[in-house]
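Report on the structure given below.
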2 protein chains.
Amino acid sequence: MEIDKSLVSGSMGLLVLKLLEDGDKYGYQMIDELKRRSDDTFHLKAGSLYPLLHGLEEKGYVTAYEREAAAGKPRRYYHLTKEGGAALRRKEERWNTYARAVGRVLKGGACFG
Amino acid sequence: MEIDKSLVSGSMGLLVLKLLEDGDKYGYQMIDELKRRSDDTFHLKAGSLYPLLHGLEEKGYVTAYEREAAAGKPRRYYHLTKEGGAALRRKEERWNTYARAVGRVLKGGACFG
DNA sequence: TTGACATATATAGATTATCGATATATTATA
DNA sequence: TATAATATATCGATAATCTATATATGTCAA
């Protein structure tokens, strides 16, 4: 099923930080991993990810360094900072609050019992 | 807790259609009901709701009619159409898919077992 | 050696959702 | 009269994401 892009809005920062909790990763890898870990639900585009990563770097949530790859272009790895970890925990809490609230509105429909 | 406004993005259409499943409602009423049903999580603003309602009307998801109130300005009630109901079911399905996928990414962290 | 394709990073411009600010009109209350 | 609550409405700003495009490298087939 196609995911309404407007529905996805706002949580990519959370998901990207979450991926980096497991260890440093480069951009292209994050796109693949997000797709895999979401059972093919999220198809984050490069044009969305790289500006997002630069923003996280500016905020001090991640740091970046280059490493040569066995083949092809060198890869730019991103590392989650202490501040990034704290931001991640805040975002997770907010997501949970939000998702619970949507759930309540969707369940709490007509009073059939 | 303040809800990150970017997190809320995209799902207001779903929530508003859901509210109308119970019966016709006017704008101001929807703002109150959404706040109540979400345990004070959603504070939808008038400046967000009215353009949203006009959009839903244009798409044929709702129809509107005016009724005098006991006091104050006449109220504009919105009614969910058959097409609106179908759109609601699609949006609910998409929300569930999306929320499950986020849940998988957030839970499926490091491989600790 | 040429072209197509996968990997990898990057930016510009467009689209869209939501908000804040503002405007309006009506009624009750101080 | 003025202020607040109710109620609808529009405008401009902000932010997240996408599409399209650009770049650079390496592999593989024709």
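Lettering follows sequence order; numbering is per chain, from 1.
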[X] [atom1] - [N] [atom2] separation (whole Å):
{"X": "A:Ile31", "N": "D:dC18", "atom1": "CD1", "atom2": "C1'", "answer": "13 Å"}
{"X": "A:Lys35", "N": "C:dA6", "atom1": "NZ", "atom2": "C1'", "answer": "13 Å"}
{"X": "A:Leu49", "N": "C:dT9", "atom1": "CG", "atom2": "C1'", "answer": "10 Å"}
{"X": "B:Leu56", "N": "D:dT8", "atom1": "CG", "atom2": "P", "answer": "15 Å"}
{"X": "B:Leu53", "N": "D:dA7", "atom1": "CG", "atom2": "P", "answer": "14 Å"}
{"X": "A:Glu68", "N": "D:dT25", "atom1": "CD", "atom2": "C1'", "answer": "11 Å"}
{"X": "A:Leu14", "N": "D:dT17", "atom1": "CG", "atom2": "P", "answer": "11 Å"}
{"X": "A:Arg75", "N": "D:dG26", "atom1": "CZ", "atom2": "C1'", "answer": "12 Å"}

Looking at the side chain of [X], which of [options] is the nearest nucleotide?
{"X": "A:Tyr28", "options": "D:dC18, C:dT9, D:dA7", "value": "C:dT9"}
{"X": "A:Pro51", "options": "D:dT17, C:dA10, C:dT11", "value": "C:dT11"}
{"X": "A:Ala46", "options": "C:dT9, C:dC19, D:dT8", "value": "C:dT9"}
{"X": "B:Met12", "options": "C:dT18, D:dA7, C:dT11", "value": "C:dT18"}

Look at all strands and tell whether [X] reaches a base, only sugar-phosphate, or nothing, counting heavy atoms closer than 4.0 Å.
{"X": "A:Tyr77", "value": "nothing"}
{"X": "B:Ala69", "value": "nothing"}
{"X": "B:Leu52", "value": "nothing"}
{"X": "A:Gly47", "value": "base"}

Strictly distance-based, threshold 3.5 Å: is any side-chain N or O of [X] a donor or acceptor partner for the main-chain N or O of [Y]?
{"X": "B:Arg37", "Y": "A:Val105", "answer": "yes"}
{"X": "B:Ser38", "Y": "A:Ala101", "answer": "no"}
{"X": "A:Lys25", "Y": "A:Tyr77", "answer": "no"}

Has [X] got a side-chain N or O lying under 4.0 Å from the OP1 or OP2 atom of [N]?
{"X": "A:Lys73", "N": "D:dT23", "value": "no"}
{"X": "B:His54", "N": "D:dT10", "value": "yes"}
{"X": "A:Tyr26", "N": "C:dA8", "value": "yes"}

Would you check, one step at a time, whether the test side chain to side chain contact (heavy atoms under 4.5 Å, CB included) holds for A:Glu92 with A:Leu88?
CA-CA 6 Å; A:Glu92 272 191 271; A:Leu88 170 57; 3.9 Å; yes

Does the plane of the ring in B:Tyr98 sit parallel, tilted or perpendicular to the ring in A:Phe42? Use 30° and 60° as the thresholds.
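If you compare the ring of B:Tyr98 with that of A:Phe42, the planes turn out perpendicular.
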
